[in-house]
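Heads up, the thing below is written out as structure tokens.
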Amino acid sequence: MKRSCYCGDVREDSIGKELSVSGWVHSRRDHGGVIFIDLRDREGVVQVVFQPENKEIFAAAERLRSEYVISVKGLIRHRPEGTVNPNMPTGKVELVVSELEIVNTAPGLPFEISDYVYTSEELRLKYRYLDMRRPSFQKNFLMRHKISQEIRSFFNDDGFIEIETPFLGKSTPEGARDFLVPARLHHGSFYALPQSPQIFKQILMVAGFDKYYQIARCFRDEDLRADRQLEFTQVDLEMSFVEENDVMGVIERMLARIFKSALNTDVKTPFDRMSYAEAMLKYGSDKPDTRFEMLIQDFSAELKDCGFSVFANVLAKGGIVRGLCIPKGASFSRSEIDGLTKFVGEYGAKGLAWMKVTETGSESNIVKYFKDEEIKIIVSKLHGKAGDLIVFLADDEKVVAQGLGALRLKIGKEQGLIDKNKFNFLWVVDFPMFEWDADEKRWSALHHPFTSPKDGEALTAENAAKAKAKAYDVVLNGVELGGGSVRIHKSEVQKKVFELLGISEEAAKEKFGFLLDALTYGAPPHGGVALGFDRLCALIAGEESIREVIAFPKTQKALDPMSNAPGEVSEKQLKELGIRVVVKQAKN
RNA sequence: GGGGAUGUGGUGUAGCCUGGUUUAACACACUGCCCUGUCAAGGCAGAGACCGCGGGUUCAAAUCCCGUCGUCCCCGCCA
């Protein structure tokens, strides 16, 4: 039977026509004398009606079960008076079957294909082809397709060139753990799958391909999270003869176009900007969710000489004290506050000091250590009202910022302070060049080692802590959508940065020699950005996890329950690759 | 590497804290019958789970304890 259109596309303009549609039996309502089937395909669902006049077809229809594949032919007609379904796009019409072909059958399903019932992640992934039949899942994927097409058309309109870069490259010392691929023709050597097309795209700039883009798959062999998979998709671009604002402008226009076309939302451009320092201070995060206030305040100066020895000691050692006001938090029980203490403990905080704001002043076990003056300052700085709870962390800056930042988000979510209809885009700028790695006892790149310092920064060990980078992150509703930078285009500067990062000249030459070489052959100033495409799609689809917008994701243990990847390989394959397995770990 | 949550018919959950009244409950799905306008259809009937797995405590364990495995969330990690 030749299909004339998608089920979900049948509308009133087809009334009176004879159409054929094919799809899956989504639901069956057998009324004895009349049978309704909701027939589903990728575009949606249409109601098909079996009437008892044609005994043979009706009998066949009685045997239909969920997820059978059928083709039907029949007259499209307006539904009878009073039976229109306003909740369905096809709700005004129905197909009256005159021909039925049962194309394929299906056994009982391992779970219901419904947007109303969700089963365990493991089952969903094992039967991903069934899971993906859910209308909401289909919608997510049509949306993902639309977004990627919109991105391509934006870049094409804007004069960008799409160029592919290799998957098989060389392992790099900095950054995430690489996925390695043994080289069959060179036993003992390995290719690495790209963590990002970073180096290649810079070399494309040296090659003269100003304005490159790619929707690129990237690979990182790190632990998985709701927003992190082993492989993910990145919208990658690079431009020559540009400064920060040029790149940021492109992203603003691109995102505005995507949101207009995907959600019909007008995004205000240019986006707000916030320095890294301000973000860390007020939001305790380099990806602030600005949809609600509840800002963190610093009290290190005010409480320097306070009588509370815990604070005084931390401050004396160069630590900091910051606080957060939890609206209506005074009603928290002691065990709820203990819960908060445990929560910030995950971020390294050794304790949580707190005070309840009351009509007359404040109360808690630490209030007695403070002068009235100090309490007044604290309450007024945090805009505390009677009935609020003020919490403090005292530690080094990283612990305090992270702990209070995470607490702020937790409370914001729990108290419903976040307006879900908002899309708050934000640039975080003025990033430091380097960050001290206490374990390795060396400086490491906050962004990546090819990031240009701001003009006039002295790249000396003494200035390393202060040096700022020409880097920028785009944040949406507290999610890091992407980041980029203006790159170093002078090989002397690049060498200097490697030196500060403790990457020896030999190591740099061994790992990135080709980039350093390229930079000597007339590299233009250049910069770019990379956006997490999966995160973008998840945000637009309103999903918490990127797994909901990735067709075949891995579980948190990095397994694919459907294909059972990763799997063992034959001795022969290993031998060809020159690999001897010493200890073979059994997979459960 | 660590912390937390969770695992009960095909699916989603209740029961677990406070062990016995459980012959493990409810809803959906499934099977059969009834039903000519439903649309997360309805009615009647039915089948289906030794409660993830292993061990322990106890007269008695879905329930308490220990271990283990899966899934999820988080920390570390992710330039």
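What you are looking at is a predicted structure, and each value in this text was computed from that prediction instead of being measured. Numbered from 1 within each chain, the chains take letters A, B, ... in sequence-line order.
- The partner of B:G7 is B:C69, judged by Watson-Crick or G-U wobble contacts that both fall below 3.5 Å.
- At whole-Å resolution of the value, CG in A:L123 and P in B:G70 are 16 Å apart.
- Heavy atoms of A:S120 sit under 4.0 angstrom from primed sugar atoms or phosphate atoms, though from no base atom.
- The base of B:G37 is paired with the side chain of A:R77 by a donor and an acceptor separated by under 3.5 Å.
- If you check every strand for non-hydrogen atoms under 4.0 Å, A:P110 touches sugar and phosphate atoms only.
- A distance cut-off of 5.5 Å between ring centres, combined with a plane angle under 30°, leaves A:F111 outside any stacking arrangement with the base of B:U11.
- Across all strands, A:S196 comes closer than 4.0 Å to base atoms (heavy-atom distances).
- Remark: the A:R79 side chain and the B:C39 base include a donor-acceptor N/O pair separated by less than 3.5 Å.
- Side-chain contact annotation: A:D437 with A:S444, donor-acceptor N/O pair under 3.5 Å absent.
- Using a 4.0 Å heavy-atom criterion, one finds that A:T119 contacts the sugar-phosphate atoms exclusively.
- In this structure, A:H31 does not pack face-to-face on the six-membered ring of B:G37, missing the 5.5 Å centre cutoff or the 30° plane limit.
- The CZ-C1' distance, from A:R28 to B:G42, rounds to 14 Å in whole Å.
- Between A:D560 and A:S563, the side chains place a donor N or O and an acceptor N or O closer than 3.5 Å (distance only, hydrogens not considered).
- A straight line from CD of A:E94 to C1' of B:U36 spans 12 Å, rounded to a whole angstrom.
- Between the base of B:C39 and the side chain of A:N85 there is a donor-acceptor pair shorter than 3.5 Å.
- The cationic group of A:R134 lies under 6.0 Å from the six-membered ring centre of A:Y118 and within 45° of the ring axis, placing it in a cation-pi geometry.
- Side-chain to base pairing of A:Q51 with B:U36: no donor and acceptor N or O lie closer than 3.5 Å to each other.
- One atom, CG of A:D38, and another, C1' of B:G37, lie 13 Å apart when rounded to the nearest Å.
- Nucleotide B:G32 has B:C44 as its partner under the Watson-Crick or G-U criteria, with both atom distances under 3.5 Å.
- Applying the 6.0 Å contact sphere to CD of A:E492 captures more than 12 heavy atoms from other residues, nucleotides or ligands.
- Backbone-only contact: A:E122 has heavy atoms under 4.0 Å from sugar-phosphate atoms and none from a base.
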